[in-house]
2 protein chains.
Amino acid sequence: MRENSTREQIITAADDLFYRQGFEQTTFADIAEAVGISRGNFYYHFKTKGEILEAVIKRRLANTQDMLDQWEAESSEPLERIRSFVRILIGNRGKIMRHGCPVGTLCAELAKLEHLQRDAANEVMTLFRNWLRRQFAALRHEADADVLAMHLLARSQGIALVANAYQEENFVDAEVEQLLDWLDACASQRTHAE
Amino acid sequence: MRENSTREQIITAADDLFYRQGFEQTTFADIAEAVGISRGNFYYHFKTKGEILEAVIKRRLANTQDMLDQWEAESSEPLERIRSFVRILIGNRGKIMRHGCPVGTLCAELAKLEHLQRDAANEVMTLFRNWLRRQFAALRHEADADVLAMHLLARSQGIALVANAYQEENFVDAEVEQLLDWLDACASQRTHAE
DNA sequence: CACTAATTAGGACGTTCGTCCTAACACCAA
DNA sequence: TTGGTGTTAGGACGAACGTCCTAATTAGTG
């Protein structure tokens, strides 16, 4: 159960390759080369390619949950917490322009394949959705918290997809600023309305 | 050069299958079965699978251009023209929930494959981008016409991607309404500012 | 050290796919 | 009818892939 076990290395390499090349496009040979092990060795750790995907999604779920927990720990202000979410578009700007959003691109690919793990991939997005919903609810937006969460999700996904297509840095920056403005308006609107 | 030639039928079937299953996931056998011809017959019309994709994108470019031209012909008001763009999210809501946006999903897939036709796929999106830019410019938003066009593109793509993941009709409707409100604010803001 | 279980390497196997060849068929002009 | 061109069917071919088996190696335990 050590951290750098072969199994963990396989998941790490697969996670990266699934993101950069997509699930279907990534072969056992690709992962084997990245880890530095034999191709036949896979069967001992994972019976099928789907099991590797399952493990990758499981790890992404855990990592995402950790990140969300950290954002909650770093600030008690829901507004600031949501800003942390928006800012990952800046922090990961380079990666997003090259390969898109890891969450969105995987959901999109598995949706087209009507893959068994489709629901599992969606769970990662749902993790963000529910977390954002709780933050908006804490912002006194109980009634439309889910609508706002979905809106922010969609805006982020749209930015990532278009950024991936055109690779224009300024676009991401400008959109993030608009998103932060929208967020401020969102917060103050409810504060003044009471 | 007749309309229902085998070549045209192949492009039609490939267009549909690429949309529903993705490019990589669609095989020659799939297309052959859909058209009702032999698998070996492809080589006479297209040398490679990439050539089929090329023809499909070419047709999509033409169809898109026709649609944009029609929107321009139907109304002389740029605001109303842009509304036509937004409303395709409603008109194609069912298809989008099932398979995503044809433009966005193809761009996303080819970006991951670093495919040769990647730029060609982006051209379809650019067709919308430039058309929207011209409409916003006509709305007295000359200075930020491209920024607004990109914003609308991203919003639309985000809605399509999230709708595809969650398949919630209400979400699409609510987002489209917000988009139309944003559009109205966009138009009146500039009108009142002069 | 000896023995057992865990782990790995290498490759076989069957399938699927894109590509390509060739013989046969259809249509049309002379 | 005859000849030629356009079109189609069927299958061959090699490569790539996921899967699976087995022998060899390593690590852990008494």
Side-chain angles (χ1 to χ4, degrees), chain A residues 1-58 106 109-110 112-118 120-121, chain B residues 1-58 106 109-110 112-118 120-121:
Chain A
M1 249 311 178
R2 61 197 181 285
E3 194 54 39
N4 259 18
S5 68
T6 302
R7 187 190 155 88
E8 298 300 311
Q9 284 181 277
I10 291 174
I11 299 176
T12 301
D15 191 351
D16 181 54
L17 287 165
F18 289 171
Y19 174 44
R20 281 170 24 217
Q21 309 182 352
F23 170 71
E24 280 287 329
Q25 197 65 14
T26 299
T27 69
F28 280 77
D30 291 333
I31 306 174
E33 192 188 16
V35 179
I37 59 171
S38 160
R39 231 172 54 262
N41 193 8
F42 278 99
Y43 192 65
Y44 177 76
H45 299 282
F46 303 95
K47 297 264 180 281
T48 67
K49 201 180 171 189
E51 279 191 20
I52 302 183
L53 177 60
E54 192 180 330
V56 167
I57 292 176
K58 206 169 196 173
L106 186 66
E109 181 183 1
L110 297 188
K112 277 230 186 301
L113 305 187
E114 299 193 10
H115 200 277
L116 292 171
Q117 316 284 359
R118 182 193 164 147
Chain B
M1 250 309 178
R2 60 196 180 288
E3 193 54 39
N4 260 18
S5 67
T6 301
R7 187 190 155 87
E8 299 300 311
Q9 284 181 279
I10 290 174
I11 299 176
T12 300
D15 191 350
D16 181 53
L17 287 165
F18 289 171
Y19 174 42
R20 281 170 24 216
Q21 309 183 352
F23 170 70
E24 280 288 328
Q25 196 64 13
T26 299
T27 68
F28 280 77
D30 290 332
I31 306 173
E33 191 188 18
V35 179
I37 60 171
S38 160
R39 230 172 58 261
N41 193 9
F42 278 98
Y43 193 65
Y44 176 76
H45 299 282
F46 303 95
K47 296 267 181 278
T48 67
K49 201 181 171 189
E51 280 190 20
I52 302 183
L53 177 60
E54 191 180 331
V56 167
I57 293 176
K58 205 169 196 174
L106 186 65
E109 182 183 0
L110 298 189
K112 277 228 186 301
L113 306 186
E114 298 194 10
H115 200 277
L116 292 171
Q117 316 283 358
R118 181 192 165 146

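Order of the sequence lines fixes the chain letters, A, B, ..., with proteins taken first and strands second; residue numbering starts at 1 for each chain.
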### Message
Please check: side-chain N/O of B:K112 versus main-chain N/O of A:F18, any donor-acceptor pairing under 3.5 Å?
### Response
no
Please check if the side chain of B:D16 supplies one atom and the backbone of B:A13 the other of a donor-acceptor pair under 3.5 Å.
-> no
Q | Heavy-atom closest contact (B:L53 atom, B:H115 atom, distance) | A |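 Closest approach of B:L53 to B:H115: CD2-CE1, 3.9 Å.
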What distance do [X] atom [atom1] and [Y] atom [atom2] have between them, rounded to the nearest 0.5 Å?
X: B:Q9; Y: B:I31; atom1: CD; atom2: CD1; answer: 13.0 Å
X: B:Q25; Y: A:L113; atom1: CD; atom2: CG; answer: 5.0 Å
X: A:Q21; Y: A:E109; atom1: CD; atom2: CD; answer: 10.5 Å

Using OP1 and OP2 only, check whether a side-chain N or O of [X] sits under 4.0 Å from [N].
X: A:H45; N: C:dA6; value: no
X: A:Y43; N: D:dT19; value: no
X: A:T48; N: D:dG18; value: no
X: B:Y44; N: D:dT8; value: no

Using the 3.5 Å cut-off, write out each protein N or O paired with an N or O of nucleotides 9-12 of chain D and the distance between them.
| unit_1 | atom_1 | unit_2 | atom_2 | d |
| --- | --- | --- | --- | --- |
| D:dA9 | OP2 | B:S38 | N | 2.9 |
| D:dG10 | N7 | B:S38 | OG | 3.2 |
| D:dG10 | O6 | B:G40 | O | 3.4 |

Do A:I57 and A:L106 touch side chain to side chain, with heavy atoms closer than 4.5 Å? yes
Notebook entry, point to check: Near DNA chain C, under 4.0 Å by heavy atom, which residues of residues 16-33 of chain B?
Noted result: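 Within this stretch, B:T26, B:T27, B:F28 sit under 4.0 Å of the strand.
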Extract all donor-acceptor atom pairs below 3.5 Å that involve side chains of residues 32-39 of chain B and protein atoms in other chains or at least two apart in sequence.
| unit_1 | atom_1 | unit_2 | atom_2 | d |
| --- | --- | --- | --- | --- |
| B:S38 | OG | B:G40 | N | 3.2 |

[X] has an atom [atom1]; how far is it from atom [atom2] of [N], in whole Å?
X: A:F42; N: D:dT22; atom1: CZ; atom2: P; result: 21 Å
X: A:I10; N: C:dT8; atom1: CD1; atom2: C1'; result: 11 Å
X: B:F46; N: D:dT7; atom1: CZ; atom2: C1'; result: 14 Å

Sorted by chain and number, sequence neighbours left out, salt bridge (Lys or Arg N to Asp or Glu O under 4.0 Å) with A:R118 holds for none
Evaluation steps, side-chain contact (heavy atoms from CB on, under 4.5 Å), between A:D15 and A:T12
CA-CA 5 Å; A:D15 191 351; A:T12 301; 5.7 Å; no
Axis-to-axis angle for the helix from C:dC1-D:dG30 to C:dA30-D:dT1, ends of five pairs each, to 10°, equals 0°
Side-chain donor/acceptor pairs under 3.5 Å, residues 41-51 of chain B, sequence neighbours excluded:
| unit_1 | atom_1 | unit_2 | atom_2 | d |
| --- | --- | --- | --- | --- |
| B:T48 | OG1 | B:G50 | N | 3.4 |
| B:T48 | OG1 | B:E51 | N | 3.2 |
| B:K49 | NZ | B:F23 | O | 3.0 |
| B:K49 | NZ | B:E24 | O | 3.4 |
| B:K49 | NZ | B:T26 | O | 2.8 |
| B:E51 | OE1 | B:K47 | N | 3.2 |

